[in-house]
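Worksheet: the structure to be examined is printed underneath.
Indexing begins at 1, ligand by ligand and atom by atom, following the structure's order.
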Amino acid sequence: MCGIFGIFGVPHAEKYAFYGIYALQHRGHESVGIAVSDFENIKLVRKAGLVLSAVKREDLEGVSGSLAIAHVRYATAGRSGGFNAQPFLKRTIIGDVAVAHNGNLVNFKSLKEELLSQGESFDYDSDTELFLSLLGKGREVPEGIVLHPEDEEILPYVFYALSRIKGAYSVLFLLKDRLIAVRDPYGFRPLLMGRLKNAILFASESCAFDILGAELWREVKPGELVVVDRKGIRSYLFSQSQRKAMCIFEFVYFSKPESFIFNDWVYGIRKRMGEVLALEDDVPADVVVPVPDSGIVPAIGYAQKRGIPLELGLIRNHYVGRSFIEPTQELRDIKVLMKLNPNPYVLKDKRVVVTDDSLVRGTTSKKIVSMLRRAGAKEVHMRIASPPVISPCYYGIDTPTKEELIATKFSVEEIAKFIGVDSLKYLSLEGLRGCVEDYKQFCDACFSNEYPLEFKPEVERIREHS
Ligand code: SF4
């Protein structure tokens, strides 16, 4: 999971990129980077840590330009920390190119081996470098595409690189005089376009436009490549796969509720998940308590549908990051205790329905339940606004390996016992699918084990944390 942001056509683009990527901080906590061009040179800032604390004012002095891309990261492939902070920058056959990527490439290993055998060297150990390493290895113009004269030199190299890559990618390329945005033919990850006066913006989620006062324009379509330069905006549909595979987990957990992605509002879909969960449930209860933050919106839908009051029985400390994306179990454990506090005023002697967005390992839920009981809850019924996670993700979300997924080893009753609740219920897969416009255009493999056919993973996920 990562966040990407790009902007073309504004003085001090690096500062817009700073705020734009800050608005996407929830998509990655490990590192941040900004690449900026003044039409002559590309300059780079890459840091480990959170945007606000890692990037200092002086880091952006002397790196001013009119076009920029930015990235926040947590690792799904390659080492974590600052070493693999994006954007990556490389000298290529089409000049210096910086790249920022959200996704995961399923043929990373075989492509890297092929390139190594040809004498190519790699500066990083993340799959994203392939986008740069493949530039110059061949030229291709997809059938039916007529290139604008401005693009004849550069795009055939880009299209060749894309033709070799398989997997999930929403990606931004920064050249010294242009910005190129691409979304894979299946559209796994979101990528939006915005406008701010004469400037064009790209972002993983629309919330990045709000902070800058920019307007949401449209989505980059699955299989679309968009070029922005001084001559204007040009769009090429390089692949028109009928089957789309937009990641339904973006609606469940990752995207912010105020964002617009995949042609829909996250808030609306997430609330519907709670409503459908309520329709599938009849447990007697006095109060609905959400696990903040991502359990809140489904809790509203659930509580409204069932006519049970919603109360804040768990209070979040906002100065700690999200626990799900911390790289080690120890850090996750500490963070759960740091970030949530029970509210006895709401909980004492109550039959509590506690809602969360998903249940992955079960360790966080177990701690939350014991917190609720210590605060006096009489009964605790956990309701999960998504189905059991039964399969790992190969497309860019850091769900754990199959062995770590609690639902692969235990029944619902056993999980309920493990986390210490009186009852446990998940949203059904059919219920989840009914929440989106056309579920066949979505990937829900981590809930259904039905991986999009053409994306059979060639290797187990590569993930080493330093
Ligand atoms: S497997 Fe799950 S997390 Fe991964 S892309 Fe599909 S729906 Fe999203």
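- Each of the following atoms of ligand 1 lies closer than 4.0 Å to a heavy atom of Arg189: 5 (S).
- For residues 405-418, there are no salt bridge (charged side-chain N to carboxylate O under 4.0 Å, His left out) pairs, not counting sequence neighbours.
- A perpendicular orientation is assigned to the rings of Tyr253 and Phe249, their planes being inclined by more than 60° (bins at 30° and 60°).
- Not a single heavy atom of Met246 lies less than 4.0 angstrom from ligand 1.
- The one candidate from Gln86, Lys112, His101, Lys90 that meets the side chain to side chain donor-acceptor pair (under 3.5 Å) condition with Glu129 is Lys90.
- Ion pairing between Arg27 and Glu250 holds under the 4.0 Å rule for side-chain N and carboxylate O.
- Asn84 and Ser126 share no donor-acceptor pair across their side chains, judged by distance under 3.5 Å alone.
- In the model, Asn341 has no side-chain atom that pairs as donor or acceptor with a side-chain atom of Asn317 under 3.5 Å.
- Neighbouring protein atoms of atom 8 (Fe) of ligand 1 (N, O or S, distance under 2.8 Å, waters ignored): Cys247 SG.
- Trp265 and Phe260 have perpendicular rings, their planes meeting at more than 60° on a 0 to 90° scale where under 30° would count as parallel.
- Looking at Glu450 against ligand 1, nothing comes within 4.0 Å, counting heavy atoms.
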